[in-house]
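Lettering follows sequence order; numbering is per chain, from 1. Just so you know, these numbers use all the heavy atoms, side chains as well, and skip hydrogens, waters and symmetry mates. Note that the structure is predicted; figures quoted are calculated from it, not measured.
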Protein chains: 2
Amino acid sequence: MNDEIKPSDLVDGLRKGLEVILAFDDASPQMTQSELALRIDLSRAAARRYLLTLTALGYMASDGKNFWLTPKVMQLGRSFTASSRLPRTIQPELQALTERCGESTNFAVLEDTEAVYVCCANANRLLSTGIEPGTRLPAYTSTAGRLLASFLDDHALDRWIKKSAPRAHTTFTVTEPATLKREIMRMRKQAYGITESQFEPGLRGISVPLRDSANNLVGALSVSMAVSAMTASSAIKKLVPLLNETAARLAQKL
Amino acid sequence: MNDEIKPSDLVDGLRKGLEVILAFDDASPQMTQSELALRIDLSRAAARRYLLTLTALGYMASDGKNFWLTPKVMQLGRSFTASSRLPRTIQPELQALTERCGESTNFAVLEDTEAVYVCCANANRLLSTGIEPGTRLPAYTSTAGRLLASFLDDHALDRWIKKSAPRAHTTFTVTEPATLKREIMRMRKQAYGITESQFEPGLRGISVPLRDSANNLVGALSVSMAVSAMTASSAIKKLVPLLNETAARLAQKL
DNA sequence: AACATGTGTGCGATTATCGCACAAAAAAAG
DNA sequence: CTTTTTTTGTGCGATAATCGCACACATGTT
């Protein structure tokens with residue numbers, strides 16, 4: 001297939017419509033047509049059309065002034081989890097893993113410089129990680145993200161780090177490219193990753209790679225926990241084997 | 001605002017594009033352009049354009065022949081959970097509830113004749129319910145769905161049942177309209193709902209309504225459990241108070 | 001009451017979309 | 001290995017949908 005795509009092959013209405021959906025987030029849970037037009041590059045008339053379209057389709061609701069998303073948009077996200085074998089296979093194993101170790105676990109893939117969390121099994125604790133299916137974090141701040149990046153070849157890794165443009169999310173975030181690279185290289189050697197307080201203070205992640213039966217890298221399994229729960233070394237000693245065990249079992253099913 | 005929408009106000013590319021995403025599911029996790037064209041009403045050329053567009057945007061991937069969804073589509077679904085206060089408020093309470101009762105809990109809203117599960121807290125059990133955020137079930141088979149329908153007025157309820165066109169999913173599914181109505185009416189009186197084996201054999205649901213601080217109905221809280229775990233009456237005795245307690249606490253926050 | 005801001009709508013110009021038709025390629029059949 | 005069949009890539013003109021403007025109207029602000 002030709003991967004050069006000409007403008008005439010792109011359906012613009014779709015692109016903009018999806019942008020509209022993504023424009024709604026934590027910071028602006030509801031918007032008027034003019035606010036939306038301002039936020040993404042659209043004339044007010046166009047913004048209006050897109051909002052009305054989404055409303056007619058049931059993806060949006062409105063009080064006549066403000067517009068907001070309805071639960072129906074979740075159906076889109078579920079389209080992936082329903083269609084892909086990956087989450088269906090992994091989810092139950094994650095839950096079993098969570099039960100065994102008592103901490104929240106998840107499965108993430110790397111998409112460019114972002115770590116996308118595909119499945120999650122939250123431990124029933126008061127302190128919740130805020131990670132849910134679909135969450136995207138800058139990969140250089142995430143254990144899974146760094147671990148997955150560690151499988152890039154040397155040149156690609158350099159470019160990746162540059163593209164990531166690391167900035168400090170906490171006072172501990174590693175932003176110096178050389179240091180970050182060293183950390184990532186160590187993960188490659190160790191075949192597991194651990195980070196602490198890189199995105200959220202007090203949060204520790206431990207991660208191992210997940211491969212399919214053909215030994216292709218498909219993503220990373222992680223445990224998220226409070227640093228205060230135990231020391232880093234005992235966390236590694238306890239959790240890495242459990243993670244690897246799960247990864248090994250999954251490898252046969254994938 | 002005028003709620004009559006003229007065709008000229010509808011962005012067709014968006015409508016069709018979303019249809020394309022939804023066309024991928026369990027049964028057809030990957031499709032070629034011609035398969036897709038056949039499945040939804042699209043010429044092959046159009047199907048091709050939509051697939052290429054979604055691929056260029058990162059929502060799809062392809063080996064040159066087959067197309068499939070990427071985890072990026074989950075970002076769309078997350079747009080809702082991130083933008084709406086509802087799931088963020090409810091999720092932690094659900095987790096606490098799951099911990100207290102040891103069973104999977106969830107929060108659902110009614111959308112026409114479908115129950116949409118918005119938040120879920122799965123108990124760490126081997127038997128998983130298969131319900132995840134975004135799942136849609138025929139409301140007449142779901143405890144939460146029936147309970148929510150019970151708040152429709154009499155005429156609307158009749159129309160709702162007719163529209164639902166109940167059919168048997170298990171040998172226990174209530175499909176007779178009059179019986180279904182009686183069941184639903186009882187839920188309204190009792191202010192909680194219980195169903196068993198209506199959608200999946202051996203699965204029991206117990207549900208209570210959730211209201212906001214202005215006493216508006218926003219959805220239903222449910223517990224899903226195996227019927228074999230305990231008798232129906234002891235489940236009611238144990239779980240309805242817990243559910244109501246959670247609903248009461250949430251009512252203050254909504 | 002005057003003003004400012006945001007919203008509904010008709011319309012012509014523009015352009016993106018459509019589906020056809022045919023070429024090329026890939027599979028399947030022989 | 002050749003032929004046949006099916007699927008895929010692409011150029012193009014007709015068509016129809018999108019666009020943004022302009023103006024009227026509504027809302028709420030000073």
Item checked: Closest non-hydrogen atom pair between B:T81 and B:R88, with its separation -> O-CG, 4.0 Å
Check: How bent is the helix from C:dA1-D:dT30 to C:dG30-D:dC1, comparing axes over its five end pairs at each side, to the nearest 10°?
Finding: 40°
Notebook entry, point to check: Which nucleotide sits closest to the side chain of A:Q33: D:dC19, C:dT7, D:dG9?
Noted result: C:dT7
Notebook entry, point to check: Among C:dC18, C:dT7, D:dT10, which nucleotide sits nearest the side chain of A:K65?
Noted result: C:dT7
Check: In whole angstroms, how far is the C1' atom of D:dT7 from the CG atom of B:N66?
Finding: 12 Å
Next item on the list: Round to a whole Å and report the spacing from CG of B:D63 to P of D:dT7.
Entry: 16 Å
Check: Rounding to a whole Å, what distance do you find between B:L51:CG and C:dT17:C1'?
Finding: 16 Å
Next item on the list: In sequence, state the C-alpha distance, the side-chain angles, and the governing distance for A:D25 and A:R39, and then conclude on salt bridge (charged side-chain N to carboxylate O under 4.0 Å, His left out).
Entry: CA-CA 12 Å; A:D25 59 14; A:R39 198 163 205 280; 3.7 Å; yes
Notebook entry, point to check: Atom CG of A:L52 to atom C1' of D:dC19: distance rounded to whole Å?
Noted result: 15 Å
Note to self: Ignoring hydrogens, what is the shortest heavy-atom contact between B:S28 and B:A23? Give both atom names and the distance.
What the structure shows: OG-O, 4.0 Å
Check: Can you check the B:L10 CG to C:dA16 P distance for me, whole Å?
Finding: 21 Å
Checklist line | Rounded distance in Å - CG (A:L14) to C1' (D:dT18) | finding: 15 Å
Next item on the list: Consider the side chain of B:Y50, meaning its heavy atoms from C-beta on, and name the nucleotide among C:dC18, D:dT18, C:dG8 that approaches it most closely.
Entry: C:dC18
Margin query: What is the distance, to the nearest angstrom, from the CZ atom on A:R48 to the P atom on D:dA17?
Written below: 18 Å
Next item on the list: Calculate the interatomic distance between A:E35 atom CD and C:dT5 atom P; express it in whole Å.
Entry: 15 Å
Check: Any Lys/Arg nitrogen of B:E19 or B:R15 sitting under 4.0 Å from an Asp/Glu carboxylate oxygen of the other?
Finding: yes
Check: side chain to side chain donor-acceptor pair (under 3.5 Å) with B:K162: which residues, sequence neighbours excluded?
Finding: none
Next item on the list: Kindly indicate whether the side chain of B:E111, heavy atoms from C-beta on, has any atom under 4.5 Å from the side chain of A:P71.
Entry: yes
Grab the N/O contacts between the protein and nucleotides 20-25 of chain D below 3.5 Å, and write none if there aren't any.
residue: D:dG20; atom: OP2; partner: A:S43; partner atom: OG; Å: 2.6
residue: D:dG20; atom: N7; partner: A:R49; partner atom: NH2; Å: 3.4

